[in-house]
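Below, read A as the first sequence line, B as the second, and so on, with proteins coming before strands; counting in each chain starts at 1.
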Amino acid sequence: MDTDLSTRYDASIVESKWYQAWQDAGLFKPGPGDRRYTITIPPPNITGSLHMGHALCYGLQDLLGRYKRLRGYSVLILPGQDHAGIATQSVVTKQLKKEGVEAFQIGREKFVERVWQWRTESGDTILRQFRSLGCAFDWDRERFTLDDRYVQAVLKVFIEWFERGLIYRGLRVVNWDPILKTSVSDIETERRVTRGKLYHVRYPFKDNSGHLTIATTRPETMLADVAVAVHPKDKRYTELIGKTLVLPLVGRELPLIADEYPDPEFGTGAVKITPGHDANDFEVGQRHGLETLVVFDEAAKVNDLGGAYKGLDRVKARERIVADLEEQGFLERTEDHEIALVVSTRSNEPVEPMASEQWFVSQTQLAAPAIKAVEEGKVRFVPERYTSVYLDWMNNIRDWCVSRQLWWGHRIPVYYTEDNAPFAALSWEDAQKKAGDRKIVRQDDDVLDTWFSSGLWPFATLGWPEQTDDLKTHYPTDVLVTARDIIYLWVARMMMMGLDFVKEVPFKDVYIYATVLTEDGKRMSKSLGTGVDPMDIIGTKGADALRYTLFSQTGYNQDIRYSDRRTEEARNFCNKIWNASRFVFMNLEGYDHSRSRQLQVVDEWILSRLARTERTVRESYEAYDVQSACQALYQFFWSELCDWYIEISKGRLADPAQRSAPQWVLVTCLDAFLRMIHPVMPHITEEVYSHLPVPGKSALLMQATWPEQAGTVNERAENLVESWLETTRALRALRAELGLAAMKAVPVAYYEGDLGDGASLVAGQAWIEDLRRGRPEGKFVSTSIPGIDLHLPTEGLIDEVAERERIGGQIEKATQELAKLEQRLENPNFVERAKPEVVEKERATTNDLRDMIAKLESRKKLFGG
RNA sequence: GGGCGGUUAGCUCAGUGGUAGAGCACUUCGUUCACACCGAAGGGGUCGUAGGUUCAAGUCCUAUACCGCCCACCA
C-alpha cells in the first residue's frame, strides 16, 4: 500500500489482482489434511446471470469456505451448472424464432446441437460473475449435469429404479404447459387468485324428466364430460342417482353417479365429471370405471373430440360454448367467483390439467429414510423452522412425474419393442440384449425432469457411480446453502437419492438463506424492472462492499430488503478499513515486530476487546449467523479500534521511546481483524495484509490461520478503560453544551474522584491541556458520572440562567431514574426474589444517583438556583 | 382453510426476562497532522393492540389486527 496515495479506497484497482493470485497459489483446491469441508454448490442454470439472490447464496458459500480454510480445514467447493431443461430450451427456441426458424423444423438432433453450441458460447456467464464476486471454487472439478460422466450416473439411477419397480408409466392428470408443450411438476406451478365466473348449466335428463343444474368454472371442459356426480347423502339428489343425463351441445349420455367428492354446500351440489381435465375428477373416474376423454391438443386447442369447436383455443372455446349454452337455454345463470388459477412458473401461462401417459417415480418408499434422517438429526435445517416445512411435505409426498416433453435434457432411457414392451437400458444395444428375441424399435421421446439429474448433484459430481477418491473423502458434504423455494423441488430429492444410492445423507446442514427483496419489500424481478444488477455494485463499489451489504443483513431472517444506501455503508466501511490501515502503516517507523514491549492498560483493553470479538465472530460464523459476525467486526473496528484506540495512541506513536507497544498492538489488532473479516471481504483484506510487516506471515491471507489466540480477555483493563472513556464522553458533552468546539484545546479542567492512571488519557481525549485534581476557584460548571465529578472553569463567560436550567434538567432526569429504582427496591418481592446481584446493582445505582443529585443541587445554588 | 415469518427511532434493521440499540437521515459544531466515504455532541421510541404469567416483559403465554411467504381438490 502506497501510503502517499489516495485516501479513497478504490475497489476496482485492488479487487482485480487477487483472484488470480489465489488461483495461482492453488488455494481453490482442497489441501492436505484429514479435516475436510465440502460444499457442492447449487448448480445455477446455464441460462442464468447473477442476481442479488445468487450473490448472497454463492457469496455465503465462499464465506464459509474461507472461514473453514482459516480454521485449518481442507476445503473443497465444487462448482458447476445445471442444463436446466425447460429454461434452456425456451431460450434457444426463442433465439431460433428470431432467426425465423421453428424448432420443429430443424428436428431434435439439430436442435440439441444448437443448444450445445449456445452453451459453449454464452452458457457460463454466471460462473465468470462468481469469480468477480471472489468465489474460491475449485474450477478444475467443475461439473455439468449433461457431462458424459454425469449422464452415466443418471442412467444408473433410472435403470435401477425402473428395475426395482419404483419407476412406472401411468395415465395421470398432469399440469400441461401449452406454451412449452410439456408437462410440468406441481412445484413448477403457482396459484394465482383471479376473478372468474361460476357458470350454472342445465344438464337435461334423457327421459325428459327435467334437468339437473351443475356449477362449473370451466365450461369448455364439458366437451370431455363423462358423468355427473352428487354426494350420496345429498337428499336433493338421492332419488335421481343412476339416471341418465344428456350432455348439452354434445349429446353424449352421462350417468348420474354418487361419490363422496362433491360438496353439497358448494354450487348446486352436482359436479360434472371430466377425468381428462381435472385431477379430482380423474380420481372419481377411476373409482367408477369411467372413460377418460381428452379434448385438447398439446397447444390446448380443442381436438377432434370437440366436434364443432375443433381448433379453438381454450379461451375462444369457452366464449363459444357459453354463448351456445345460453342461446339454447342451458345456461341458468352466471355469477362472479374467485378462482385459484394454476399458472406455470416456467411460461407464465395457465396450465391445462390434462390426462396423459407419463413416467412417475413412487415416492413413499424413498421418502421414509429421508424423513428419518431429519428426525434423527442427521440433517439439520438452519433456521430450524424449515425442518417442519420439509417434514410436512415429505409426509404427504405424492409420486413424482419425471417425464418432460422436451428435447433438451436426459432422454429417458426406455426402449420399446414392437409390441410396446419397455426396457430401461444404458443404450439401444443394451436394451436389445435385455429384450432378447423381441426387437427394439424405438426409444422413448421424452426427457427427464431437470431435478431428476440435479438430485444426484452431491454425489454424481464427486464421481459416483464409481467409487472415486473424491467420493470417499468428500461425501457426505457439509452444508447445502440454498433458497427456501426449492426445499421440495431439490433438497428433498437430493435427500432421497443420496440416501438410496450412497446410503448416506448428502449434507449435514441445510442453511436456508434470506430472500433478497427490493427496498419496498417487493420481489426482485428482471421483467418487472425491480432488480438491481449485482455486477453494477461490484463495478462501482466493489465485490467486498456488495458482500458486506448482503452478509450484514443475513442471519435467521426470512427476507432482506436490498437498498443502495446499505451499499454506501459497506463502501464507507471499506474506506475506513483502508484509511485506518494506512494510518497504521504510516506509523510503523522503526518498528520491529519481535522486539519486547511494555503494554499499558489501554493496550490490554483493546486486546481484551479483540479477544471477545474473536469469540463472537467465530461462534457466529459457525452458527450461520453472519449478520452478528459482521456487527461485531464493525463495532470492534470502527468504534473501539479507530474511534478510541487509535486516537488514544497518537501521542505515544509520536514518541520514539514509547511507540513500540502501540505499534505492536495496532499491528496485532489489524492482523487479527483482517483474518476475521477476510471471509466477508476477501479482496481488501488480502491487499492490506500484503503490506503487514509481520515476520513469518503466510504468503497470502487466504491461507493464513484463524486468530484464535489474538488478545486476552482482561476484565480489569476493560472496566478501567471503560470508566475513562465514560469520563471522556462526559467531559466532551460538557464542553459541547458550553459551545466549546471539539478538538479546540481548553487550558484547564478539574476532576474529583479516582481516575487511576487515566487522567492524562482523559485530558488528551477531551482536549483539555491540564486536567487537575480538585475544584476550581471562582465560577465553574460541572458534570458527573458515578464516582467522578468534572469541573470546567467558566470565568464568568456563561449564561447563569442557562446553566441553572441545564443543571435543573439533569436533576430532573436523575430524580426520575432514582424514583423508579427506589420504588423497585421498596417492593419486598423484588428484594426477595430477584437475583442478588441484580438487587445489589440497583442499590449501588441508587446510591450513586442520590450522590449525584446532591451535588447537582449544590451546584445549582452556585448559579443562584 | 392450515402453517411459518414479520410488526422496535423518519427509513432499513439488531436486541440472551433486569434503566431501549446500530447504520442512514435530521440538528449543532469542527476541515493542519489516517479517513468529510471523516470526527465530536445532540434530538427522536407508551417496542402493532388487548389480556395474562413474573418481583420485573420489547423479550415468555393467550387472543387479535395488519403485512409477507408457503401449503391446500371446493367444481
Enquirer: Closest nucleotide of RNA chain B for Tyr9(A) versus for Arg732(A): which of these residues is on the 5' side?
Expert: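 Nearest-nucleotide comparison on RNA chain B picks Tyr9(A).
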Enquirer: For Arg612(A), is there an ion pair with Glu640(A) - N to carboxylate O distance below 4.0 angstrom?
Expert: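 No, Glu640(A) and Arg612(A) are not salt-bridged.
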Enquirer: Contact class for Asn827(A) vs. all strands (heavy atom < 4.0 Å): base, sugar-phosphate, or nothing?
Expert: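 Sugar-phosphate, no base atom in range.
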Enquirer: Considering only side-chain heavy atoms of Asp263(A), which listed nucleotide, rG18(B), rA75(B), rC71(B), is closest?
Expert: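 Closest nucleotide among those given: rA75(B).
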Enquirer: Closest to the Asn280(A) side chain: rC35(B), rG18(B), rC73(B)?
Expert: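 That would be rC73(B).
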Enquirer: With sugar-phosphate meaning primed atoms plus P, OP1 and OP2, does Tyr261(A) contact a base, only sugar-phosphate, or nothing at under 4.0 Å between heavy atoms?
Expert: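 Base contact.
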Enquirer: Just to be sure I understand the rule, does Gly269(A) reach a base, reach only the sugar-phosphate, or reach nothing, if contact means heavy atoms closer than 4.0 Å?
Expert: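 Base, at least one base heavy atom under 4.0 Å.
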Enquirer: Classify His231(A) by what it touches in the nucleic acid, base, sugar-phosphate, or nothing, heavy-atom distance under 4.0 Å.
Expert: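 The answer is nothing, as His231(A) stays clear of every strand by at least 4.0 Å.
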Enquirer: Rounded to the nearest 0.5 Å, what's the gap from CE on Met681(A) to CD on Glu687(A)? Could you check?
Expert: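 Rounded to the nearest 0.5 Å, the CE-CD separation comes to 14.5 Å.
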Enquirer: Suppose we call a contact any N or O donor and acceptor under 3.5 Å apart; does that hold for the side chain of Gln823(A) and the base of rA56(B)?
Expert: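 Check fails, no donor-acceptor contact within cut-off.
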Enquirer: Which is true for Cys642(A) with a 4.0 Å heavy-atom rule: it touches a base, it touches only sugar-phosphate, or it touches nothing?
Expert: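 Base contact - Cys642(A) has a heavy atom under 4.0 Å of at least one base atom.
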Enquirer: Assign Tyr556(A) to base, sugar-phosphate, or nothing according to its heavy-atom contacts below 4.0 angstrom with the strands shown.
Expert: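 Tyr556(A): no heavy atom of the nucleic acid under 4.0 Å.
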Enquirer: Do Ile560(A) and Leu56(A) have side-chain heavy atoms sitting under 4.5 Å apart?
Expert: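 Yes - at least one pair of side-chain heavy atoms lies under 4.5 Å apart.
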Enquirer: With a 4.0 Å cut-off on heavy atoms, is Pro262(A) in touch with a base, just the backbone sugar-phosphate, or nothing at all?
Expert: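 Answer is base: heavy atoms of Pro262(A) come under 4.0 Å of a base.
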Enquirer: Across the strands shown, which category fits Lys744(A) at heavy-atom distances under 4.0 angstrom: base, sugar-phosphate, nothing?
Expert: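 No contact at all - Lys744(A) keeps every heavy atom at 4.0 Å or more from the nucleic acid.
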Enquirer: Identify, residue by residue, the members of residues 562-570 of chain A with a heavy atom below 4.0 Å from RNA chain B, and return them in order of residue number, or none.
Expert: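 Per residue number, the list reads Arg565(A), Arg566(A), Glu569(A).
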Enquirer: Can you find a donor-acceptor pair, distance only, under 3.5 Å between Arg571(A) side chain and rC37(B) base?
Expert: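 Yes.
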Enquirer: Given ring pair (Phe, Tyr, Trp, His ring centres under 6.0 Å), test Phe266(A) with His337(A) step by step and report yes or no.
Expert: CA-CA 12 Å; Phe266(A) 187 87; His337(A) 184 66; 5.5 Å; yes
Enquirer: I'd like the P distance from rU8(B) over to rG68(B), given in whole Å.
Expert: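 Between the two P atoms, the distance is 15 Å.
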Enquirer: Can you name the salt bridge (charged side-chain N to carboxylate O under 4.0 Å, His left out) partners of Glu283(A), sequence neighbours left out?
Expert: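 Glu283(A) satisfies salt bridge (charged side-chain N to carboxylate O under 4.0 Å, His left out) with no residue once adjacent residues are dropped.
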Enquirer: Please work out if Asp643(A) contacts a base, only the sugar-phosphate, or nothing of the nucleic acid, heavy-atom cut-off 4.0 Å.
Expert: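 If one applies the 4.0 Å heavy-atom cut-off, Asp643(A) turns out to touch the sugar-phosphate alone, with no base involved.
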Enquirer: Please classify the nucleic acid contact of Lys650(A) as base, sugar-phosphate, or nothing, using heavy-atom distances under 4.0 Å.
Expert: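 Contact class for Lys650(A): base.
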Enquirer: So Thr845(A), base contact, sugar-phosphate only, or nothing? Heavy-atom distance under 4.0 Å.
Expert: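 The residue Thr845(A) makes base contact.
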Enquirer: Return the nearest nucleotide to the side chain of Ala215(A); candidates are rC35(B), rU19(B), rA75(B).
Expert: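 Nearest nucleotide to the side chain: rA75(B).
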Enquirer: Closer than 4.0 Å, any side-chain N/O of Trp638(A) to the OP1 or OP2 of rG39(B)?
Expert: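 For rG39(B), OP1/OP2 do have a side-chain N/O of Trp638(A) under 4.0 Å.
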Enquirer: Return the orientation label for the Trp638(A) and Phe573(A) ring planes: parallel under 30°, perpendicular over 60°, tilted otherwise.
Expert: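 Answer is parallel, since the angle falls under 30°.
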Enquirer: Quick check on rC38(B): is either OP1 or OP2 less than 4.0 Å from any side-chain nitrogen or oxygen of Asn572(A)?
Expert: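 For rC38(B), OP1 or OP2 has a side-chain N or O of Asn572(A) closer than 4.0 Å.
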Enquirer: Using the criterion of both pairing distances under 3.5 Å for Watson-Crick and G-U wobble pairs, give all stems of 3 or more consecutive pairs involving RNA chain B.
Expert: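 Stem segments, range with range: B:1-7 with B:65-71, B:10-13 with B:21-24, B:26-30 with B:38-42, B:48-52 with B:60-64.
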Enquirer: Does a side-chain N or O of His337(A) approach OP1 or OP2 of rA75(B) to a distance below 4.0 Å, or not?
Expert: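 Yes, within the criterion.
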Enquirer: Identify the residue among Arg824(A), Lys835(A), Lys820(A) that makes a salt bridge (Lys or Arg N to Asp or Glu O under 4.0 Å) with Glu842(A).
Expert: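 Going through the options one by one, the only one that passes is Arg824(A).
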Enquirer: Think Lys576(A) has a side-chain N or O under 4.0 angstrom from the OP1 or OP2 of rG39(B)?
Expert: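 Yes, such a contact exists.
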Enquirer: Please compare Arg729(A) and Ile646(A) by the position of their nearest nucleotide in RNA chain B and report the one closer to 5'.
Expert: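 Upstream on the strand: Ile646(A).
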